[in-house]
S.K.: 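My questions will all concern the structure given below.
No experiment lies behind these values; they were computed from the predicted model shown. All heavy atoms count here, side chains included; hydrogens, waters and symmetry mates do not.
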Amino acid sequence: MKVLQVCPYDIARPGGVQRHIVDLSTALARAGHEVTVVAPAGAEPSALDPNVELLRIGRAREWGMHGTRFEVTWASRSELAKLGSRRFDVAHFHTIWTPFVPWQIFRRQPATHSVATFHDTPPPGLSGAVTRAAFALMSRRLSRGLDVMIAVSSAPAKHLRTSGRSWRVLLPACIDLAPYAALTREGAGGPTILFVGRLEPRKGVLLLIEAFARVKQSHPAVRLVVCGDGEQRGEAHALAARLGVSDGVTFTGALPDAERLALYSRADLFCAPSPYGESYGLVLAEAMAAGLPVVAAANEGYRTVLTGVGAAGLVEPGDVDDLAQRLSQVLDSAELREGLSAWGRECAWRSDVNARLPEFLALYEPHLLAEARTGSATDTSARAYPARN
């Protein structure tokens, strides 16, 4: 099968959408499919399989909105001509309404079968409400040219509208979790909390530093490792100094994959305090696969991942007191840590691209999709996902 994956962002920049595209494309290539990834100009992604074709189309300019940053892109006619008359069996678009290259390709690419994954969850408040209303209008129009509309969780599904032939399903943005599952525990010389993510308002790193300062009062040996970079880097350093915990916080900056992976083997607890704007939670899945207990904000996306036993790690979004108390509880209870760890290892498969590749293929193959829609498909179809939560 010839598959086109359309990435709206710099594919080498750290981010869940980019990781999903890279790992899904790699899994497809290793399964014998012919994959082309289109992305705007940028650095080369290190994890993309060499058998996957990477085609650069469009220029990118960074833009900030809703407490996060992304690329706005535009391609000239000559750049779009790189696709020429090439025909793909399936074209898979990601956050297709991110301006403007995905939309430009969508209008011009005559794929046999068109699929789009929607990763977006706007924040609460007036600006988020306006954005959701706009997404609802745009999705209804887009659905006329799509065979399948994938929502990574119920959060983005709320603002998706369909008309005509398009079928809406739930299927998370999966990644390759095998490297995390293969990790072995290494001592770090004291209890260590790990944060991995961009240093921006949407990820809540300042909330975590405030909570950490409170935890350290009753747990003087605890350490916090902050892995990532972003606009709040200086503010985060200053906050740690002002609260008198600089000696307990290590800022690693953005790290290559291998170095970042090693941090999971030396941590005791993973924390993701994002107060809003999360559609799923691949960073939680990484920690779960590595066997780390997870404490995270109960935003819409993270609640999708931390269910059942894992819900014991959820805290009120934006509540520093609740976050500090839950971190302390998990640090104090070996039984709670072991329970969350065992549950995470058991449930991480739900976010693993190799485990769920048959479900993507069921959405890519028109005859399998027809079986799924009539209810005659096996449980490898995406329709099985809600029952597994």
Side-chain angles (χ1 to χ4, degrees), residues 15-16 64-70 119-132 152-156 158-159 193-219 222 224-245 248-249 251 269-285 287 292-307 310-331 340:
M65 184 178 180
H66 295 323
T68 191
R69 302 195 72 81
F70 59 95
H119 305 257
D120 318 75
T121 298
L126 179 59
S127 65
V130 171
T131 303
R132 284 189 292 273
V152 298
S153 73
S154 59
K158 290 178 181 178
H159 53 251
I193 301 169
L194 175 62
F195 167 92
V196 177
R198 294 190 295 278
L199 307 189
E200 62 184 23
R202 186 169 68 93
K203 297 299 181 180
V205 66
L206 301 184
L207 297 170
L208 176 55
I209 293 172
E210 286 192 46
F212 173 74
R214 301 182 191 187
V215 172
K216 198 166 176 60
Q217 292 175 7
S218 56
H219 301 76
V222 70
L224 171 64
V225 175
V226 175
C227 177
D229 203 353
E231 63 189 77
Q232 290 189 316
R233 176 180 55 187
E235 195 174 352
H237 279 269
L239 179 61
R242 187 168 71 252
L243 296 176
V245 294
V249 183
F251 293 93
L269 172 61
F270 188 87
C271 186
S274 302
Y276 62 86
E278 299 291 349
S279 297
Y280 189 63
L282 290 175
V283 70
L284 308 186
L292 292 181
V294 175
V295 171
N299 58 58
E300 286 190 277
Y302 289 177
R303 290 199 305 268
T304 298
V305 180
L306 297 183
T307 59
L314 291 172
V315 301
E316 185 66 25
D319 190 327
V320 173
D321 287 336
D322 196 20
L323 180 58
Q325 290 173 12
R326 193 61 49 85
L327 289 170
S328 294
Q329 288 171 0
V330 177
L331 288 171
L340 289 172

S.K.: Specify the closest pair of heavy atoms between G128 and P122, including all atoms of both residues, with the distance to one decimal.
M.R.: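 Smallest heavy-atom distance, with atoms named: O-CB, 3.7 Å.
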
S.K.: Give a yes or no answer on whether the side chain of T304 reaches the backbone of Y280 with a donor-acceptor pair at less than 3.5 Å.
M.R.: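 Not confirmed, T304 side chain does not pair with Y280 backbone.
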
S.K.: Might you point out which heavy atoms bring G204 and P273 nearest each other, and give the distance in Å?
M.R.: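 Taking G204 first and P273 second, the nearest heavy atoms are O-CG, 3.2 Å.
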
S.K.: Look up atom NE2 in H237 and atom CG in L239, then write down how far apart they are to the nearest 0.5 Å.
M.R.: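 Atom-to-atom, H237:NE2 and L239:CG are 11.5 Å apart.
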
S.K.: Taking the side chain as C-beta and beyond, is there a heavy-atom pair between E300 and S153 under 4.5 Å?
M.R.: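 A side-chain contact under 4.5 Å is absent here.
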
S.K.: To the nearest 0.5 angstrom, please state how far the CZ atom of R198 sits from the OG atom of S274.
M.R.: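 Answer rounded to 0.5 Å: 9.0 Å.
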
S.K.: Checking F270 against V196 for the side chain to side chain contact (heavy atoms under 4.5 Å, CB included) test, could you report, in this order, the C-alpha distance in whole Å, the side-chain angles of both residues, the deciding distance, and whether it holds?
M.R.: CA-CA 8 Å; F270 188 87; V196 177; 3.9 Å; yes

S.K.: Looking at every non-hydrogen atom in both residues, tell me the closest pair between L282 and G16 and how far apart they are.
M.R.: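 Heavy atoms only, the tightest pair is CD1-O, 3.6 Å.
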
S.K.: Between R326 and L314 (side chain of the first, backbone of the second, donor and acceptor by atom type, cut-off under 3.5 Å), is there such a pair?
M.R.: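 Answer holds: yes.
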
S.K.: Answer yes or no: is there a side-chain heavy-atom contact under 4.5 Å between P201 and Q232?
M.R.: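 Yes - at least one pair of side-chain heavy atoms lies under 4.5 Å apart.
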
S.K.: Evaluate the side chain to side chain contact (heavy atoms under 4.5 Å, CB included) criterion for residues L323 and D319: first the C-alpha distance (whole Å), next the side-chain angles of each, then the deciding distance (0.1 Å), finally the verdict.
M.R.: CA-CA 6 Å; L323 180 58; D319 190 327; over 6 Å; no

S.K.: Would you give the length of the straight line joining atom CG of L208 to atom CG of L199, rounded to the nearest 0.5 angstrom?
M.R.: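 It is 10.5 Å, given to the nearest 0.5 Å.
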
S.K.: Residues in side chain to side chain donor-acceptor pair (under 3.5 Å) with D120, at least two apart?
M.R.: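 Partners of D120 by the side chain to side chain donor-acceptor pair (under 3.5 Å) criterion, ordered by chain and then number, come out as W97.
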
S.K.: Going by an N to O cut-off under 4.0 Å, is there a salt bridge joining R202 and E278?
M.R.: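 A salt bridge is present here (some side-chain N lies under 4.0 Å from a carboxylate O).
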
S.K.: So which atom in N299 and which in P317 form the shortest heavy-atom distance, rounded to 0.1 Å?
M.R.: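 Looking at all heavy atoms of both residues, the closest pair is N-CG, 3.9 Å.
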
S.K.: So which heavy atom on A312 is nearest to which on L340, and how close?
M.R.: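 It is CB-CD2, 4.2 Å.
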
S.K.: Just by distance, do the side chain of R132 and the backbone of P123 share a donor-acceptor pair under 3.5 Å?
M.R.: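 Yes; judged by distance alone, with no hydrogens or angles, the pair exists.
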
S.K.: Report the distance from atom CG of L224 to atom CG of L269, rounding to the nearest 0.5 Å.
M.R.: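 The distance works out to 10.0 Å.
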
S.K.: Report yes if the side chains of F212 and L327 come closer than 4.5 Å at any heavy-atom pair, otherwise no.
M.R.: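 Side chain of F212 against side chain of L327, heavy atoms only: no contact under 4.5 Å found.
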
S.K.: Mind listing the closest non-hydrogen atom pair of P124 and Y276 along with its distance?
M.R.: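 Of all heavy-atom pairs spanning P124 and Y276, the closest is CD-CB, 3.7 Å.
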
S.K.: Given the rule in the side chain to side chain contact (heavy atoms under 4.5 Å, CB included) test, do F195 and V283 qualify, once you have shown the distances and angles that lead to the verdict?
M.R.: CA-CA 9 Å; F195 167 92; V283 70; over 6 Å; no

